[in-house]
Each structure stands twice: as C-alpha cells, then as structure tokens.
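Numbers restart at 1 for each chain; the letters A, B, ... are given by sequence-line order, proteins then strands. Any value given below was found using the heavy atoms of this structure, including those in side chains, with hydrogens, waters and symmetry copies removed.
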2 protein chains.
Amino acid sequence: MKKKITIKDIAKVANVSIGTVDRVIHNRGKVSEKALQKVNDALKELDYKANPLARSLKNNVVYAISILVPDPQKDSYWLPCQQGIMEIITEYEAFDVDISVHYFDPSESESFSQVGARLIRKSPDAVLFVPLFERESDVLLRKLNKKGILSATFNSMPRNHVDQHVGQDLYLSGRVGAKLISDFLDPSTSKIGIVHIDEAFNNAIHMQQKEEGFKSFYETYAAKYDIFTKTINTDNIHSTLLDFIESHGVNVFFVTTSKTYEVARTLELLNKNGIVVGYDLLQENIKYLTEGKIQFLIHQAPRMQASLSLKSLVEKLLFKKEYPKKQFLPIEIINSENVKSYL
Amino acid sequence: MKKKITIKDIAKVANVSIGTVDRVIHNRGKVSEKALQKVNDALKELDYKANPLARSLKNNVVYAISILVPDPQKDSYWLPCQQGIMEIITEYEAFDVDISVHYFDPSESESFSQVGARLIRKSPDAVLFVPLFERESDVLLRKLNKKGILSATFNSMPRNHVDQHVGQDLYLSGRVGAKLISDFLDPSTSKIGIVHIDEAFNNAIHMQQKEEGFKSFYETYAAKYDIFTKTINTDNIHSTLLDFIESHGVNVFFVTTSKTYEVARTLELLNKNGIVVGYDLLQENIKYLTEGKIQFLIHQAPRMQASLSLKSLVEKLLFKKEYPKKQFLPIEIINSENVKSYL
DNA sequence: TAAAAAAATGTGTACGTACACACAAATTTA
DNA sequence: TAAATTTGTGTGTACGTACACATTTTTTTA
C-alpha cells in the first residue's frame with residue numbers, strides 16, 4: 001500500500017524543518033543555497049504532490065462566483081443550462097464557494113448590460129456568462145479584465161479575451177448537419193433551405209458559423225445543389241415560412257436554432273413531407289423527432305456546457321486545478337431512437 | 001458573502017461542546033435527550049453540511065482499489081478505457097486512494113479468473129472489472145460479495161448483484177443501428193445482414209442484446225425485410241464474410257462489434273458498395289468512416305465508461321458520495337463529420 | 001447520605017498545509 | 001571583539017472533523 005508523501009516526509013529526508021520545506025515550495029526566499037538544494041532533491045526524489053484537501057482547508061477564503069445566463073422562463077432552451085448549474089452548486093455546497101445566479105432577458109440586450117453591471121459591482125472572484133450579445137459582452141469582458149476578475153463563457157465565444165470557454169465547434173456542427181442531410185438527397189427533386197429562426201437576432205454569430213460550415217460541405221460534394229437561406233426573426237414565423245417553402249419549392253431543411261419544430265409544424269400543416277435537421281432537445285423538437293417529422297437533431301448539450309464551465313471555474317479557484325482554456329464538447333447526433341438515452 | 005457552517009457554530013447555538021455535536025452527527029449515543037434535541041434543532045436551523053475536505057483529511061486510511069480490465073495490447077478497443085483509468089488515477093493522485101490496474105487476456109477466460117483470484121487475495125476495498133466472461137465473472141462477483149468488497153463493473157453487466165455499474169443500453173443501441181440503417185433501405189434491393197465478429201465469443205450477451213434490439217425495430221416497421229445473421233469467431237474472417245455476402249446477396253450490414261472495419265474491408269476487396277453501420281471509434285473504423293465506406297459508427301465511449309465508473313468508486317470511498325447504482329451513458333452516433341469532435 | 005457506577009459532556013490531539021512569529025546562525029558595523 | 005543587523009531556520013497555531021480520553025454530572029447502590 002502506497003503511502004502519501006507529505007511535507008513532513010520531505011523535511012525528514014532533506015534534514016530540515018517543515019518550515020523550510022514550505023518556503024521552498026512557495027519560493028518565498030529566506031532559504032540557504034544548501035537547504036534549497038537538499039529540499040528540491042527530496043521533492044523530486046519522493047515525487048511530492050501537495051494534498052489539495054489540506055491546502056484548500058487551510059485557505060479559508062470564500063470565493064464568490066457570479067453567473068449571468070438567459071432566463072429559462074423566457075426561452076426554455078436555457079432550462080437544462082440552469083439544471084446543470086444547480087447540479088454543480090449542490091455538488092460544491094459544502095466548499096468555500098458562494099455561487100449566485102443572475103438572469104437576463106435573452107430578447108433584450110439592455111437587460112444583459114444592466115444585470116451584468118450590477119453583479120460586477122460586488123467584485124466577485126469570477127464571472128461566468130453566456131455572451132449572447134456581441135457588443136455588450138465585449139463591454140462586460142473589458143470591465144472584468146480590467147478589474148482582474150476571472151472570466152468564463154459558454155455556449156458562444158466572445159471575440160475578446162476570456163479566461164475560460166466551453167462550447168461547440170459551430171462550423172463543424174454545420175458540416176455535420178450537411179452530412180446528415182446528404183444521405184437523403186436526390187439531385188432531381190431535392191431543394192435545400194437553411195432556416196435561421198431567432199426572436200431577436202441574438203445568435204447572429206452562431207447561425208452564421210453554422211451556415212458557413214453547412215455550405216462548405218457541399219462545395220466538396222459531388223452533386224451541386226442550390227441552397228436557399230431564410231432568416232426569420234418576427235412573430236409571424238408561419239406565414240414567412242410558408243412563403244419560403246412555396247416560393248422555392250424547398251423540401252429539405254437545415255434549421256440552425258432550437259426552433260426547429262416550427263419548420264416541422266409548418267410542413268405538417270401543409271401536409272407535406274420533408275427532411276428536417278435542426279438543433280436541440282426541446283420537448284417540441286423531440287415530439288416531431290419521434291413522429292419522424294424531424295430526421296435528426298444536433299445536441300448542443302447546454303446542460304453539459306453549463307456544468308462543465310462552472311465546474312472548471314470552481315475547481316480552478318478551489319484547487320488551483322488547470323483546465324484547457326478552450327474546451328469543445330463533441331457534436332452529438334440524435335435520432336428517434338437514441339434520444340431515449342438522453343432523457 | 002455566505003459563511004460556511006461548522007460544528008463549532010452548531011455547538012455555540014446549541015450551547016454544548018463540539019464533542020456532543022459530533023456524537024449527535026455520528027449518532028454514537030451518550031447524549032441526553034435535551035442535548036440531542038437542541039443539537040438537532042441547531043443542525044436543521046443552520047442547515048449544516050459537513051466539510052468533505054476536512055472529513056477526508058482526518059480520515060487517514062488509504063483505500064485500495066483494484067482494477068481488472070482486458071489488456072489493450074491484445075485488443076486495441078481497450079486502449080481508451082486504459083486512458084480513462086489513467087486520467088482518473090492522475091486526478092486523484094494526491095488523495096488517499098491506491099489504485100492498481102491489472103490486465104487479463106480478453107481471449108482467455110482462465111486469464112481473467114487467474115488475475116481475478118490473485119488480486120482478491122490482497123483484500124482491496126473495491127474491485128472494478130469488465131465482466132467479459134459470464135461464468136467467470138459470476139464466480140468473482142460471488143467471492144467479492146462474500147468478502148464484503150465493493151464491486152463495480154462497466155462495459156457489460158453481470159447477472160449477479162454488483163454494487164455499481166456503468167454501461168450502455170445495448171438493446172436500445174441495436175435499435176439505434178436499425179434506425180440509422182432504415183434511412184438507406186430500399187425494399188426492392190436491400191438485404192440486411194447482422195454480423196457478429198468476435199475472436200472468442202466473449203461478448204455473447206453484448207451481441208445478443210444488440211441483435212434483439214435491432215430486430216425489434218423492424219417488427220414495428222412498415223416494410224418487412226429478411227434479416228440474415230452471421231457469427232464469425234475464427235481467423236479466416238474474410239472467407240467467411242465473403243461467403244456470407246455472396247450466398248445471400250447481403251448489401252446492408254449491422255456489425256455488432258468493434259471489428260466493423262472487417263466488413264468494410266471485405267466490401268472494398270469485392271469492389272462492392274454497401275451500407276455499413278457498426279461500433280466504436282477504432283483507428284481502422286474511422287478510416288473507413290471518413291472514406292464513406294462505413295456510414296455510421298455507434299460510440300460505446302469506453303473511455304468515459306471506464307473513467308466514470310472509477311470516479312464513482314473513488315468518490316464513494318473518499319467522500320461517501322452516492323451515485324446511482326446503474327449509470328447508462330447516452331448512445332452516441334458518429335458520422336464522418338462529427339467524428340472530428342471526438343478525437 | 002456517602003460511595004460507587006453509569007451517563008453525559010468537554011478537552012485535546014491529529015490529519016497536511018500555510019503562515020506568523022520566535023529563535024539561532026552568519027554577517028556586518030562600530 | 002562586542003553589539004547590531006541581516007539572513008536562515010524552527011516552532012506553534014489555525015483550518016474543520018473525528019475520535020480517544022479526561023472530567024463533570026447524574027443515577028444507582030450500600
């Protein structure tokens with residue numbers, strides 16, 4: 001049975017006191033050449049690893065983390081993200097972290113700025129947020145960097161420097177959508193439409209990167225297809241969609257947002273068959289997926305994104321554990337069968 | 001900023017000593033009715049949560065965990081599993097766990113029994129293993145249960161009682177394969193073959209459950225297909241496969257093991273096109289997937305299975321954290337595009 | 001009612017680390 | 001060479017929990 005090496009063991013081997021060992025480890029000087037040498041040798045020889053438990057027990061500051069995410073009440077896409085956060089809060093309940101969650105309205109950028117400014121005033125140790133609005137996020141991020149507050153994002157990635165990010169490769173996810181669709185294509189009858197449905201142009205970067213990825217796939221693909229693109233952001237989604245479908249005869253759809261069900265519903269109303277590939281495991285999307293009216297969904301794993309990013313942040317503060325600056329989650333393909341294993 | 005509640009706080013509020021609080025928490029008696037009441041009230045009122053760091057720091061036993069997994073040198077499918085284990089070992093390096101890994105030859109059941117018997121003799125606190133051989137696993141499991149050693153499995157599930165299990169729903173994964181294939185089927189030309197390729201009948205349960213799931217899908221499916229099944233376990237895989245393909249005219253394949261590339265290779269040699277759906281992200285499978293000679297792979301996430309099961313075990317011992325007895329990982333669908341996000 | 005026994009309660013120490021402080025050794029200065 | 005300084009080194013205490021042991025209080029017995 002392996003015994004764990006402590007500073008005491010090092011002290012004994014190097015024939016000095018634990019105080020000296022401690023000074024060497026934290027290199028805060030006041031150590032003679034000779035002692036330094038001996039301690040460093042012992043450190044290496046015994047392969048010393050500090051006990052993170054004892055370390056963080058001693059370190060009795062309570063870290064404050066503020067989280068800024070879209071209100072799940074306004075857009076149910078954010079519900080799993082909230083769950084992921086709550087899961088981590090429970091997990092670290094007994095530790096020295098104080099995590100507070102703040103919500104903004106995903107349809108109003110001022111809401112984001114307001115809540116963001118408010119929570120920054122309390123000078124937390126770290127801020128985790130979803131940079132839904134490009135400009136406002138950059139403002140927030142600049143403030144955070146200036147104040148030396150640790151910053152982290154998930155879902156989308158800001159242009160500015162951020163200390164940690166968890167997300168998906170959106171360009172590649174567009175390519176995945178293209179590949180999935182390609183298996184159904186028939187050069188003589190298929191007409192492809194890319195549909196962006198988002199209430200307030202929030203996900204501009206998101207949608208654009210997915211579209212680029214999608215199109216890039218067909219550039220290297222044997223048969224060429226005309227690809228029609230439609231951006232829908234108002235309330236009369238149905239009439240706009242109807243018009244789009246009828247005017248171009250589109251029958252194959254790649255929907256870049258979680259509102260995929262809107263296309264499936266419109267096709268249902270029109271009593272038309274079509275191929276629909278879109279995003280996210282919303283209740284309504286799953287319903288159409290199960291009924292065979294959506295062929296595939298790409299899972300952006302909001303729950304996992306939220307929990308992984310929060311966890312990374314917590315462990316970085318608590319245990320000085322280092323995570324890669326950018327963590328990309330796999331792009332998960334969901335059909336009517338494996339969806340059951342995701343619930 | 002929230003202050004964490006300690007037994008000291010409880011003692012102060014209940015107006016007793018920390019010793020009394022401690023006795024209440026661990027209910028080892030010797031506490032008067034009155035004191036018990038007061039302490040319990042304080043405990044509830046302040047919502048006390050023990051600090052797991054301090055707790056496990058104090059608890060200075062070193063837990064021993066023995067792991068019994070197939071040798072990745074004999075079958076490269078187990079390489080990621082080994083990596084997942086190593087990852088967790090590194091993560092908990094500084095903690096009071098002593099994890100030792102032992103390998104058995106996946107083609108020889110005696111090897112499993114032998115190594116299993118050897119490691120059980122050291123009476124570890126927990127044993128994590130892959131129950132590749134049904135009978136031998138049950139023997140091992142019975143010994144573990146008798147000796148009161150914590151048992152855990154992953155990959156396949158033994159019939160006998162096991163304290164913890166991480167795996168995938170194999171029946172459902174068969175259905176997922178069926179669904180993926182169904183999108184390519186043409187009632188007039190398609191002939192479906194289920195192929196089990198395994199060197200030594202190890203994965204009997206695995207393969208059977210997948211086959212059942214696969215077939216169940218087509219029972220409720222509109223068009224009926226003849227489904228041919230072939231089990232290949234010898235070395236002359238190619239000739240057997242060749243014969244199978246030619247004699248039935250099979251052109252759509254569901255391969256239930258990681259040897260999926262064998263079918264793709266045979267088709268390549270025959271210069272035939274076919275639909276191939278199989279399992280696992282082996283180097284060779286990925287090659288054929290990228291070349292379009294395998295349409296989909298189902299990812300069994302051996303790395304994740306190994307790391308999750310080991311992690312659960314470690315945290316159960318170290319922090320008394322409770323995990324669900326059975327954890328099922330999602331069934332992940334891989335095509336030529338999203339495979340990049342898995343590497 | 002005093003002594004003995006039992007029950008209840010409190011105190012001290014350890015886990016491994018971090019840091020303040022006291023002390024000892026080596027230098028510098030007078 | 002003694003005193004003053006600088007540098008190096010060791011000791012003690014705290015973090016929060018767990019448990020052994022000492023002490024106090026209550027109950028039982030003679």
### Message
Can you tell me which nucleotide in D:dT17, C:dT17, C:dA18 comes closest to the side chain of B:T6?
### Response
D:dT17
### Task
Return no unless some side-chain N or O of B:S17 is found under 4.0 Å from OP1 or OP2 of C:dG10.
yes
### Message
I want to check one thing: is the phosphate of D:dG8, taken as OP1 and OP2, less than 4.0 Å away from some side-chain N or O of A:T20?
### Response
no
### Query
So, A:S32 side chain and A:A35 main chain: donor-acceptor pair closer than 3.5 Å or not?
yes
### Message
Regarding B:N51, tell me which of base, sugar-phosphate or nothing describes its non-hydrogen contacts under 4.0 Å with the strands shown.
### Response
sugar-phosphate
### Between P of C:dG16 and CZ of B:R55, the distance in whole Å
18 Å
### Sidechain N-carboxylate O distance under 4.0 Å for A:D163, A:K325
no
### Query
Got a second to check how far A:D96's CG is from B:N51's CG, nearest 0.5 Å?
6.5 Å
### Query
Between the side chain of A:Q305 and the main-chain N/O of A:N155, is any donor-acceptor distance below 3.5 Å?
yes
### Query
With respect to the phosphate group of C:dT9, does any side-chain polar atom (N or O) of B:S32 fall under 4.0 Å of OP1 or OP2?
yes
### Message
Please report the end-to-end axis angle for the helix from C:dT1-D:dA30 to C:dA30-D:dT1, five pairs per end, rounded to 10 degrees.
### Response
60°
### Query
Can you tell me if A:D125 uses its side chain to pair, donor with acceptor, with the backbone of A:Y63 under 3.5 Å?
no
### Message
Using the side-chain heavy atoms of A:I7, tell me which of these nucleotides is nearest: C:dT17, D:dT17, D:dG10.
### Response
C:dT17
### Query
Nearest to the side chain of A:K58 - D:dT9, D:dC15, D:dC19?
D:dC15
### Length of the CG-P vector between B:L57 and D:dA14, whole Å
17 Å
### Message
When you measure from the side-chain N and O atoms of B:R28 to the phosphate of D:dC19, is any distance below 4.0 Å, counting only OP1 and OP2?
### Response
yes
### Query
When all nucleic acid strands are considered with a 4.0 Å heavy-atom cut-off, which category describes A:Y48: base, sugar-phosphate, or nothing?
sugar-phosphate
### Query
Between A:K30 (NZ) and D:dT5 (P), how many Å, whole number?
16 Å
### Task
Would you kindly compare B:G19 and A:E33 by the position of their nearest DNA chain D nucleotide and give the one closer to the 5′ end?
A:E33
### Side chains of B:I65 and B:P124 in contact at under 4.5 Å (non-hydrogen atoms)
no
### Query
Can you find a side chain N or O atom of A:R23 that sits less than 4.0 Å from OP1 or OP2 on D:dT9?
no
### Task
Rounded off to whole Å, could you give me the NZ-to-P distance for the B:K12 and D:dG16 pair?
11 Å
### Message
Rounding to an integer number of Å, can you tell me how far B:L318 CG sits from D:dA18 P?
### Response
14 Å
### Query
Under the criterion side chain to side chain contact (heavy atoms under 4.5 Å, CB included), which of A:D71, A:V69, A:L140, A:L68 is the partner of A:V115?
A:L68
### Query
Does D:dC15 have OP1 or OP2 sitting under 4.0 Å from an N or O in the side chain of B:K8?
yes
